[in-house]
Amino acid sequence: MFENLSTVDLTIFAVYIVGMIAFGIYITLREKTENAQDYFLASRALPWWAVGGSLIASNISTEQILAMNGSGFELGLAIAAYELMAALTLILVAKFLLPVFLKEGIYTMPQFLERRYDQRSRSLMSVFWIALFVFVNIATVLYLGGLAIQSFFNVNLYIGIVALALYSATFSVFGGLKAVVWTDVVQVVVLVVGGFLASYFVLDVVSGGEGMLAGLSLLLEQAPERFEMIFERGDFFTTTEAVVDSSGDPVIGPDGRQLRNDVEASGYALLPGIGVLLGGMWITNLYYWGTNQYIIQRALAAKSLGEAQKGVALAAVVKVLLPFIVVIPGIAAYTLGADLYKADEAFPWVLTNHVPVGIKGLVFAGLVAAVGSSISSMVNSASTIFTIDIYKDLINKTASELTLVRVGRISAVVSLIIGVLIAPQLDSLGQVFQFIQEYTGFVSPGVFAVFIFGMFWKRTTGNAAFYTILLSIPLSLAIRFFMPDLPFLDRMGVAYLLCSTLLVLISGLETSNASTGTKRPAFRFILIALLAMVSVATGLKMALTGTGAEQGVGIAVTLATLVLIYIIYTERGEASKRAIDVSPELFRTQSVFNIVAFAVTLFLAAFYALFQ
């Protein structure tokens, strides 16, 4: 609440907000945005450290700081699998996907789909991604940021949401990607430093003033169940759900907030055992880090492939350190017996009760920095897709550069307004982070399959891609309908198999088989490795640990995946007319990148060996 922030805290917070607004306006006035490349891709001149800093700032928002600390409060360190596996995913994206994207010289992800397939896939995904950014991503980040402001200043949720939207608009609407990235670089420093300080002080409280390391040791001793990284089927946790009456209307308590009841939920359903290492988690991360416009756009704006790869490697290093900021405070709040209305209030509780005066204002500024960075990134990317893939491609093909910039600014404002209107409706949800993951899980298997097969299987056709994208949601919904108890990460593993099979079958029917003397497709090992890590692993886990029908489905998934792998390995069919030519030279990386990749992999292996 407002009284929890002293005059010193409020001064620090206000100076930061005003300073960032002024800095954003300065960048906007200094850096001219005379054409689309200036506005949407920062003139393709970003250095590696700006790419890496902006990637982290765009990714770490309130959905990490608030929602993952909330999951840490209820589930424990296991939720950090999203962060840790993301580090390894970033290495793979930099190694295998970025070279292809930069070789094609694209502005947007839908643009790649047209070059590889056809106009239909580009238009379909343009509409989908704009809807996802505006109605889910922007609205969610605004809601979680508004929740934090509400808890500190005791203001209406709507006021916090509108304030965040206005703050983000000052450097995202007029300055384009340049203003977004340069403010990101500043904000990510404040965010990381503020988050580290919050973790330090709450751990010091846990240890009774004995320091951070002693606090970590006590967490391990007092709450060992919160440090299990791999859940089993019998692992449950206590969460809360909103109370509604017989008509579905919320039941309001004496404090004016909707009543919530404690309920038991399955931890395995959210993080299904070994499936967080081998299985659907790979699809979640590869889709997000490898095909997500507001993430990839930073790498597309780098001055060279080498700079882009070093920037992504920097982001991977930061990722392995983030659980200390985005999960540990939530576990500490649980250990200290925090009495919360809902889990997502764990981090605000830590900040309110256990961070000293002066530091509290800095940490809160870091929280706003996270919100501002993510919102500005999403808004810029939504306007980029609308302007390049819809307006210029479908509405006004002869639009001038200045017209494109103007349309980009207008669409950015519209997306913010829509997000502001939708955000308050999310107040009825519990763990918002899990809501985001499950929603995107309906589409990510099909979309990622279309991208990865388009890069590394020349036989993939435009019809195969279009119908796979179109059927990705119905296929996922069908799996959920027939197997409602199947964890959503496992569901993604099964859906990825179905979408990959659909791509291969339709493409095989549309292209002829080449002679036996034709060489097998290069880079097919990438597709085979992914099918093994995702679908074979999911099928085996279901067959070995499931019961009843799940075991049978697991066996079928395993066998079907092995058959598909055999087809991909042995086929020598005719290439699609729009197939992309890639060579081994394209994937050579610098020694600095290779060293970082090895270090990240070694760290993750040691971490999971320590916390099983």
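We count residues from 1, following the sequence as given.
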Worksheet item: Does the salt bridge (charged side-chain N to carboxylate O under 4.0 Å, His left out) test come out yes or no for D581 and K458, once each step is laid out?
Response: CA-CA 8 Å; D581 288 321; K458 292 186 176 183; 2.8 Å; yes

Does the side chain of [X] pick up a donor-acceptor pair with the side chain of [Y] at under 3.5 Å?
{"X": "R459", "Y": "S576", "result": "no"}
{"X": "Q111", "Y": "D389", "result": "no"}
{"X": "Y82", "Y": "Y288", "result": "no"}
{"X": "Q293", "Y": "T108", "result": "no"}
{"X": "S121", "Y": "E114", "result": "no"}

Would you mind listing every salt bridge (Lys or Arg N to Asp or Glu O under 4.0 Å) that reaches into [range], with sequence neighbours excluded?
{"range": "residues 467-477", "result": "none"}
{"range": "residues 127-147", "result": "none"}
{"range": "residues 540-552", "result": "R233-E550, D490-K541"}

Worksheet item: Is NZ or CZ of R226 both nearer than 6.0 Å to the six-membered ring centre of Y334 and within 45° of the ring axis?
Response: yes

For the backbone of [Y] and the side chain of [X], can you confirm whether one donor and one acceptor N or O come within less than 3.5 Å of each other?
{"X": "S123", "Y": "R120", "result": "no"}
{"X": "S374", "Y": "S58", "result": "yes"}
{"X": "S476", "Y": "I473", "result": "no"}
{"X": "R122", "Y": "D118", "result": "no"}
{"X": "Y117", "Y": "V450", "result": "yes"}
{"X": "Q551", "Y": "T547", "result": "no"}
{"X": "S444", "Y": "T284", "result": "no"}
{"X": "S507", "Y": "V504", "result": "no"}
{"X": "S472", "Y": "I469", "result": "yes"}
{"X": "T558", "Y": "L540", "result": "yes"}

Worksheet item: Can you list the residues that meet the ring pair (Phe, Tyr, Trp, His ring centres under 6.0 Å) rule with F101, with sequence neighbours excluded?
Response: F112

Interatomic spacing from [atom1] in [X] to [atom2] in [Y] - rounded to 0.5 Å:
{"X": "D393", "Y": "F386", "atom1": "CG", "atom2": "CZ", "value": "12.0 Å"}
{"X": "I390", "Y": "S411", "atom1": "CD1", "atom2": "OG", "value": "9.5 Å"}
{"X": "I567", "Y": "L505", "atom1": "CD1", "atom2": "CG", "value": "7.0 Å"}
{"X": "I79", "Y": "M229", "atom1": "CD1", "atom2": "CE", "value": "9.5 Å"}
{"X": "L530", "Y": "S500", "atom1": "CG", "atom2": "OG", "value": "8.5 Å"}
{"X": "L471", "Y": "L477", "atom1": "CG", "atom2": "CG", "value": "11.5 Å"}

Worksheet item: What pairs with A560 under side-chain contact (heavy atoms from CB on, under 4.5 Å), at least two apart in sequence or on another chain?
Response: L497

Item to complete: Name all residues meeting the side-chain contact (heavy atoms from CB on, under 4.5 Å) criterion together with L92; count only those two or more places apart in sequence or in a different chain, and write none if there are none.
Response: F96, W282

Response to the item:
W289 and I296 have their tightest heavy-atom pair at O-CD1, 3.3 Å

Worksheet item: Hey, what's the ring geometry for F453 with W457, parallel, tilted or perpendicular (30° and 60° as the breaks)?
Response: perpendicular

Practice prompt. Please work out whether the ring planes of F587 and F456 are parallel, tilted or perpendicular, with thresholds of 30° and 60°.
Written response: tilted

Worksheet item: With a cut-off of 6.0 Å (strictly less than), are more than 12 heavy atoms of other residues, nucleotides or ligands near NZ of K95?
Response: yes

